[in-house]
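This structure is a prediction, so every number in the text was calculated from the model and none was measured. Quick note on labels: first sequence line is chain A, next is B, and so on, each numbered from 1.
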Amino acid sequence: MRNWLIGAGAPVLLLVAWWFLSESSLDPFFPPLRTIVGRFQELWLFEHFQSDVLLSLGNLFLGFAIAAFAGIAIGFVTALVPPVRWMVDPLIHFLRGIPPVALVPIFISLIGFGTQMRVTSIALAALFPTMIATVDGIRGVGNDLMDVARVYRLTRRERVLNILLPAAAPQIFSGLQVSLQVAFIVMIASEMLGSSQGIGAMTLLAQQSFMTADMWAGILLLGVIGFLVNVLFSLLRRKVLSWYIGSRRMARAA
Amino acid sequence: MSIRQAPSLSTRNRKSAMAQQPETRINATTPRLDVAHLAKSYGSGEKSHAVIEDLTFTVDAGEVVCIVGPSGVGKTTLLKCLAGLHPASSGRAAIDGRPISGPPREMALVFQDYNRSLMPWLTVRKNLVLPLRHLKLPAAELKERCDSALAAVGLSHADNQYSWQLSGGMQQRVAIARALAYRPEILIMDEPFASVDAQTRFDLEDLCLKIRKDFNMTILVVTHDIDEAVYLADRVVVLGSKPARVLKIVGVDLPAPRDQITTRSLPEFARQRTEVLSLIKRPV
Ligand SMILES: Nc1ncnc2c1ncn2[C@@H]1O[C@H](COP(=O)(O)OP(=O)(O)OP(=O)(O)O)[C@@H](O)[C@H]1O
Ligand SMILES: [Mg+2]
């Protein structure tokens, strides 16, 4: 509870500080927060809400969903089918050493025009963290659990869905978290580079036409979206992994 | 503590009727479990090391056999070979004359590492249900099996908890209940009562004898407790190291039904436990 208060309190405090410190700013690059919020309202609520905000969010979620689903599926196939593992393993070893964000330029260069291309590049970039985490998670499943599965003659399907998937879930979720960040970055970048629509495009356009208040409003919106998306993700994780969080807490207490 | 019988299982009833008279074994010639010159080594080539070199013993249908032996001698390894989890390096292990090549359908194994053998993401009841799902039992029978198995180990109240919320002894009982709900014909347990308190331990030992009687189950138990081995077993296999070999198979002639107080105070009980103990103390 206290952690939660601090977590919510710190950003609020920052905003308050920003509000008062920028109150009488005349610097064209740092307009008062009051002006920014005004533009925020005019721009995003609700003139460009549908045309740009929803478009960006839709791309983000679609791309992330594809990445999550494909990443987990490919991760499973890689971990469980030896020939695939031999082919994919070198790629994984190579990618493991690179921070996921560093791969973003590759996918940005792939970005063409049109929504489809943007969703594709989001999905491709976000795929790898989840895939690698899934492979690692499955390899980390203890022999004891697999022995139990064999003794009680669980079917192949049960072993995958009822043993491997839940046992690897904590790792898979760490991968998904990174994928989500990457998806968010690629979403913004793809709009800044190859689009005239979307929050990223609007924000860059504002910057290029020296409308700093609009630019800050765009950045503010991206911050708010990033924050909310992370909160949603944490809630989902807490629900799905409640057993894991509980058992960890128990183990620490003991 | 009791395991109720499912009325639908007529074959079980027939078998249990036969088990009332211990003299009439179903098939006295082919042993249920047959271990002959079994050897097992881990690793291959240079690094291979033999854990078991030449083990021979049998377990008859409806018999309770206990295995005792020093720590690290290879008891768990032996059980894993019998459960079809590890292939034997040489020699043979067979069920009803059939060589064991994978986990046999009629067998359940209670693992020594009980806390690592339970699924932490499932509640106690769901842990019991998971091995039964592919049997496609009617819902009523599924529930009855879980209920009676949980009641038998005294955990009816814990069925909605997660295993990590339970004490070590309770987790061990969940692992036993999972095997009971599976209703195996052959039950193999690896130090199953090691972390339960003395009272529960007595109850579980008696449960073991009861399910043998009710279901004519064949039971093989590894234990470190010599008194427990003598109390439970029809025969005790005493293992010596190293590598693992059978020092002696001690037949236990204690009258049935056994009782925690009267059986343990018989002079015969003391004599048998002394025999086992001296084998372990001074390996010949
Ligand atoms: N998977 C494995 N790979 C290699 N060596 C193993 C493996 N499992 C067990 N061993 C070795 O085999 C030997 C016998 O181990 P095992 O667990 O069978 O003994 P145990 O009789 O069950 O001991 P305890 O009474 O302590 O449970 C040990 O020396 C152990 O190190
Ligand atoms: Mg052992």
Side-chain angles (χ1 to χ4, degrees), chain A residues 72 75-76 79-80 82 133-134 136-176 234-254, chain B residues 76-77 79-87 100-124 126-136 161-168 171 174-175 178-184 186-190:
Chain A
I72 294 172
F76 263 87
L80 299 180
T134 305
D136 289 346
I138 294 172
R139 284 194 192 150
V141 176
N143 279 334
D144 303 86
L145 286 184
M146 292 329 283
D147 278 351
V148 173
R150 289 175 63 203
V151 163
Y152 289 108
R153 301 165 67 91
L154 298 197
T155 61
R156 213 183 151 68
R157 193 188 147 83
E158 285 173 327
R159 283 183 217 186
V160 170
L161 293 182
N162 299 325
I163 307 279
L164 290 175
L165 188 60
Q171 288 235 40
I172 294 177
F173 263 87
S174 320
L176 286 172
S234 302
L235 288 177
L236 178 73
R237 177 180 183 275
R238 200 177 306 174
K239 187 158 169 48
V240 176
L241 293 186
S242 62
W243 63 270
Y244 178 71
I245 297 164
S247 66
R248 287 285 298 270
R249 193 180 303 136
M250 196 71 134
R252 269 200 303 276
Chain B
T76 298
T77 304
L79 295 196
K80 287 192 172 172
C81 288
L82 292 180
L85 294 173
H86 295 321
I100 297 169
S101 58
R105 153 175 310 109
E106 54 272 79
M107 185 187 285
L109 174 61
V110 175
F111 290 79
Q112 183 172 12
D113 293 318
Y114 50 90
N115 55 348
R116 273 186 280 151
S117 82
L118 296 171
M119 317 299 162
W121 56 88
L122 296 177
T123 60
V124 167
K126 287 184 177 157
N127 262 290
L128 266 59
V129 168
L130 184 58
L132 306 178
R133 283 172 42 145
H134 65 271
L135 302 180
K136 306 230 171 4
Q161 284 182 282
Y162 288 97
S163 58
W164 43 267
Q165 295 175 307
L166 307 177
S167 70
Q171 291 177 25
V174 175
R178 177 170 63 187
L180 294 181
Y182 193 67
R183 303 258 162 105
I186 303 171
L187 176 61
I188 296 188
M189 300 196 273
D190 199 350

Identify the heavy atoms of B:Y182 and A:V151 that sit nearest to each other, and give their distance.
-> OH-O, 4.1 Å

For each of B:A83, B:P120, B:A175, tally heavy-atom pairs with chain A at distances under 4.5 Å, and name the one with the top tally.
-> B:P120

Can you list the steps and then say if A:W243 with B:M119 is a side-chain contact (heavy atoms from CB on, under 4.5 Å)?
-> CA-CA 10 Å; A:W243 63 270; B:M119 317 299 162; over 6 Å; no

Side chain to side chain, A:Y152 and B:R178, heavy atoms closer than 4.5 Å = yes

Chain A heavy atoms under 4.5 Å from B:L118: which part of the residue, side chain, backbone, both or neither?
-> backbone

If you round to the nearest 0.5 Å, how far is CZ of A:R153 from CZ of B:R105?
-> 4.5 Å

Pairwise distance CZ(A:R248) to CH2(B:W164) - rounded to 0.5 angstrom = 12.5 Å

Evaluate the side-chain contact (heavy atoms from CB on, under 4.5 Å) criterion for residues B:H134 and A:L154: first the C-alpha distance (whole Å), next the side-chain angles of each, then the deciding distance (0.1 Å), finally the verdict.
-> CA-CA 7 Å; B:H134 65 271; A:L154 298 197; 4.3 Å; yes

Check side-chain contact (heavy atoms from CB on, under 4.5 Å) between A:R150 and all other residues, then give those that pass, not counting sequence neighbours.
-> A:D147, A:R159, B:L85, B:P103

Positions in residues 160-169 of chain A that reach chain B, provided some heavy atom is under 4.5 Å away | A:N162, A:I163, A:P166, A:A167

